[in-house]
2 protein chains.
Amino acid sequence: MDLRKLKHALALAETGNYARAGKKLFITQSALSRSIQALESELGMMLFERHSNGVRVTVAGQEVLAGARDLLRHANSLERNVALMRNVELGKLQFGVGPVPAHVLLPRVMSGAAREKPGLQVSVQIQSAAKLVELLRSRLNFLLPMRDNCLTTVG
Amino acid sequence: MDLRKLKHALALAETGNYARAGKKLFITQSALSRSIQALESELGMMLFERHSNGVRVTVAGQEVLAGARDLLRHANSLERNVALMRNVELGKLQFGVGPVPAHVLLPRVMSGAAREKPGLQVSVQIQSAAKLVELLRSRLNFLLPMRDNCLTTVG
DNA sequence: CTGGGTTACGCTCAACGTAACGATA
DNA sequence: TATCGTTACGTTGAGCGTAACCCAG
């Protein structure tokens with residue numbers, strides 16, 4: 001059961017017509033026909049009644065397609081979250097910094113971040129160098145530059 | 001973004017090792033490696049840190065994989081519902097019947113259904129033949145046999 | 001003849017297995 | 001050397017387009 005075939009079925013249900021649904025999906029009516037057949041075969045049930053003037057969703061199909069709509073919404077939401085995380089507009093940014101640079105840099109950095117990236121959760125670990133290298137392995141995105149080791153791993 | 005690749009990533013996250021994850025997925029470690037690379041490329045972010053003794057999920061990867069887990073749960077739920085509907089153990093069964101056979105047959109039919117298929121929602125339309133044929137087009141699974149037309153469409 | 005769904009045929013590319021490779025302990 | 005992950009190479013099958021086909025109005 002893959003998402004593409006479910007999208008195909010939803011488009012067909014919306015239009016009630018293979019040719020129009022195919023247009024929306026940027027595939028031919030023929031390819032869509034086989035895709036729907038494959039889905040129905042895989043699920044072991046007919047989702048559409050074929051008539052001379054188009055198709056109609058079956059009773060069972062209505063239930064399945066309702067679930068498919070939910071699932072695709074869920075998938076789209078995940079994709080959007082990934083896109084947002086990629087742009088560091090959303091998500092959790094966790095980094096570490098030593099005591100001295102923290103005192104100098106943090107006020108500017110944090111206020112700037114809060115202004116420009118309101119969707120970003122920022123959390124800072126102020127620790128010794130040894131502790132920070134340890135933390136970097138497990139839950140930090142990067143370290144601000146410190147005296148002896150200058151790590152800049154972007155997460 | 002297809003469900004197969006997400007399953008692959010989750011298996012890898014669980015085992016922390018390509019070979020073991022591949023075993024669980026019934027593919028080779030090589031195929032899994034390329035699948036993960038393709039997913040990371042598609043999402044535009046690294047999900048795993050590669051080390052000499054295996055892999056670890058990145059900070060971003062933890063967020064993505066949490067969403068993937070939800071999504072796959074949702075997909076499995078949909079598949080289970082389809083399987084149940086196929087066996088008429090769950091779902092809504094809607095059928096119509098004329099007044100006379102209703103009086104004779106319904107008591108036996110309904111009590112039998114309630115006993116053997118407790119997960120099944122049954123609803124009956126008792127109507128004239130003309131009304132029932134009309135309803136059959138829109139929301140009934142089948143009609144019980146009537147005087148002149150004997151329709152037995154299983155939904 | 002037109003507008004709808006299906007079937008036949010051939011192509012392409014994503015996914016795979018095998019095997020060679022590179023790196024690290 | 002043993003155990004990781006990656007890369008090279010060839011094969012297979014799902015998915016597609018084109019075109020022929022079938023049926024109803």
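Here is the naming used below: chain letters follow the sequence lines, and residue numbers restart at 1 for every chain.
A/Arg20 is linked by a side chain to side chain donor-acceptor pair (under 3.5 Å) to nothing, counting only residues two or more places apart in sequence or in another chain.
Nearest-nucleotide positions on DNA chain D for A/Asp2 and B/Ala19 put B/Ala19 closer to the 5' end.
In this structure, B/Asn53 atom CG and D/dC4 atom C1' are separated by 8 Å, rounded to whole Å. Atom CG of A/Leu25 and atom P of D/dC16 are 9 Å apart (whole Å). Between B/Glu49 atom CD and D/dC4 atom P there is a gap of 18 Å when expressed in whole angstrom units. Going from atom CD1 of A/Ile27 over to atom P of C/dG5 covers 13 Å, rounded to whole Å. C/dA15 atom P lies 13 Å from atom CG of B/Leu3, rounded to whole Å. Here D/dG5 presents its P atom at 7 Å from CG of B/Leu12, a figure rounded to the nearest Å.
When every heavy atom of B/Ala13 is checked against every heavy atom of B/Leu65, the shortest pair comes out as CB-CD1, 3.5 Å. In terms of heavy-atom proximity, A/Met1 sits nearest to B/Leu3 at O-CD1, 3.7 Å. Across all non-hydrogen atoms, the minimal contact from B/Glu49 to B/Thr58 is CG-CG2, 3.7 Å. Between B/Leu32 and B/Tyr18, the shortest heavy-atom distance links the atoms CD2-O, 3.5 Å.
Proximity of A/Arg4 to the phosphate of D/dG15: a side-chain N or O atom is located under 4.0 Å from OP1 or OP2. The phosphate of C/dG4 (OP1 or OP2) has a side-chain N or O of A/Asn17 nearer than 4.0 angstrom. For C/dA14, neither phosphate oxygen OP1 nor OP2 lies less than 4.0 angstrom from any side-chain nitrogen or oxygen of B/Lys5. Contact between the side-chain N/O atoms of B/Tyr18 and the OP1/OP2 oxygens of D/dT6 is found at a separation under 4.0 Å.
No hydrogens or angles were tested; on distance alone, nothing pairs the side chain of A/Gln29 with the base of C/dG4 as donor and acceptor under 3.5 Å. In this model, no side-chain donor or acceptor of A/Thr28 finds a partner on the base of D/dT18 within 3.5 Å.
The residue A/Phe48 sits apart from the nucleic acid: no heavy atom pair falls under 4.0 Å.
Put simply, the side chain of A/Val64 reaches to within 4.5 Å of the side chain of A/Met45, judged on heavy atoms.
Of the candidates D/dC16, C/dC16, C/dG5, D/dC16 carries the atom nearest the A/His8 side chain, counting heavy atoms from C-beta on. Side-chain proximity of B/Ser52 to D/dG15, C/dC16, C/dT24: nearest is C/dT24.
A salt bridge links B/Arg50 with B/Glu40; the closest basic N to acidic carboxylate O contact falls under 4.0 Å.
Contacts between residues 31-43 of chain B and DNA chain C, defined by a heavy-atom separation under 4.0 Å, are made by B/Ala31, B/Arg34.
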